[in-house]
Amino acid sequence: MTAVPQRCSIFCAIVDNFGDIGVCWRLARQLVAEYGVDVTLWVDDAALVAKFLKRAQAELCEERIEGVQIGIWSSSWEPSATESDAIISSNLLIEAFACALPETLLSALGAAARVPIWINLEYLSAESWVEDHHLLASLVSLPGRADPAQKTFFFPGFTARTGGLLRESDLLVRHTLWQREEQIERQRLLTELVPALNGSLTNDLVLVSLFTYESESLGGCLAAMAQDHVPTLCLVPEGRSLSSVQRFLELPDALRVGEAAVRGALSIAVIPFLSQDDYDRLLSLCDFNFVRGEDSFVRAQWAARPLLWHIYPQQEQAHLQKLDAFLDIQGEESQRENAPQAASSMALRQFVRLWNLGEDCQELWHHLRPQLPELREQAGKWQQHLAEMPDLAANLMRFCHTRSR
Ligand code: TRH
């Protein structure tokens with residue numbers, strides 16, 4: 001049996017949006033639920049975390065939430081002696097996305113008899129260099145300590161030579177159950193999320209979820225859905241996609257949560273920001289998911305439904321290289337299976353690229369929509385391929401085991 005760390009401190013600095021907390025919260029919950037680890041998640045933006053977890057800010061640290069203790073930190077934070085002791089006595093210390101730990105904590109680590117297994121959990125990328133950098137160690141000088149401490153870079157990824165992807169042990173079963181009774185589950189979901197539609201759901205309805213950044217390409221895509229001869233319902237969680245939706249709708253007042261608007265064959269409904277588990281259900285039950293950033297992108301792959309990835313834009317278009325690396329790795333996998341890349345997957349690839357360049361995608365959606373059943377099959381194969389690899393938490397626990405022997 002693998003010995004797992006008993007106590008873990010995760011430090012998360014929130015850059016923007018929900019991705020940083022999304023990944024850390026998911027990992028924290030899984031370490032508690034599946035490995036019985038005592039996890040404290042340190043966050044530096046209580047207001048955003050409270051919004052994400054739908055709690056009052058004052059309640060965040062009062063009692064554990066889903067077994068996870070939340071603490072608040074900042075770069076100038078001076079932990080109390082009790083807080084320092086608790087962090088230092090962790091067996092595992094995770095710095096998410098290279099957030100720099102505060103000086104006072106580094107000094108306390110320097111004075112400690114033993115430094116915990118110290119991990120820098122990196123951002124997800126499909127680029128090939130990730131395999132060479134995963135589990136590389138850097139030596140860190142700590143104040144007052146003669147020997148340097150070791151910090152290990154842990155890279156999530158899509159291959160067996162990386163840290164893998166976050167995947168709870170029951171996730172795929174949950175998707176199977178939702179998708180087994182798809183029509184019934186959809187009806188239930190829509191009744192909950194958009195009561196204004198009165199459950200009006202036809203069997204040919206194309207159900208789409210839209211969670212992207214502001215986009216120049218969205219208007220054309222929505223226009224194509226409106227012109228289609230089959231109905232489409234686009235569910236938009238409140239947030240950044242809405243401003244582009246608003247521009248397309250040209251309504252005097254912004255749509256609010258629970259409200260819907262109709263343009264031709266297209267209905268657009270604004271839904272609340274869901275819990276992570278409910279968001280998984282939404283992804284599972286849609287025919288097509290527009291996702292973004294890191295975590296929603298991964299979750300849509302587990303949902304085994306065709307997706308468009310609106311990648312987080314970086315300076316000098318660096319993100320396009322990252323995007324191509326993912327599209328290539330997916331393409332290579334279907335070649336490996338001796339399945340020549342189907343026209344539908346090439347069309348999807350083109351759609352994803354053009355969207356991320358802010359180009360007009362109206363014609364492409366017309367072309368893609370009839371191919372959704374075939375794309376669904378391919379998304380299922382990709383999900384199965386990913387599921388053959390151990391998940392990120394399992395890889396992390398295995399690493400801790402080798403380090404503590
Ligand atoms: O919100 P994002 O754009 O986040 C990030 C951050 O901006 C980060 O700084 C950046 O580096 C990174 O992207 C690449 O996208 P992401 O990663 O998909 O995070 C969204 C989280 O919100 C994810 O955990 C899913 C969750 N979510 C819900 O829980 N409920 C919802 O209704 C929706 C739409 C999302």
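In listed order, ligands and their atoms are each counted from 1.
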All ring pair (Phe, Tyr, Trp, His ring centres under 6.0 Å) counterparts of Phe97, not counting sequence neighbours:
Tyr123

Do we get Arg292 above Phe211's six-membered ring, with its NZ or CZ under 6.0 Å from the centre and within 45° of the axis?
yes

At less than 4.0 angstrom from any atom of ligand 1, which residues have a non-hydrogen atom? List them by chain and residue number.
Val15, Asp16, Asn17, Phe18, Gly19, Asp20, Gly22, Phe52, Tyr123, Phe211, Tyr213, Pro237, Phe273, Leu274, Ser275, Gln276, Tyr279, Arg292, Gly293, Glu294, Asp295, Ser296, Tyr312

Write out all pairs satisfying salt bridge (charged side-chain N to carboxylate O under 4.0 Å, His left out) with one or both partners inside residues 90-101, taking only residues at least two apart or from two chains.
Glu95-Lys151

Using residues 314-323 as the side-chain source, report each donor-acceptor pair under 3.5 Å to any protein atom, sequence neighbours left out, with the distance given to one decimal.
residue, atom, partner, partner atom, Å
His319, ND1, Gln314, N, 3.0
His319, ND1, Gln314, O, 3.4
Lys322, NZ, Leu124, O, 3.2

Determine, for Arg281 against Glu192, whether the closest basic-nitrogen to carboxylate-oxygen distance falls under 4.0 angstrom.
yes

Answer yes or no: is there a donor N or O on one side and an acceptor on the other, between the side chain of Asp287 and the main chain of Leu207, under 3.5 Å?
yes

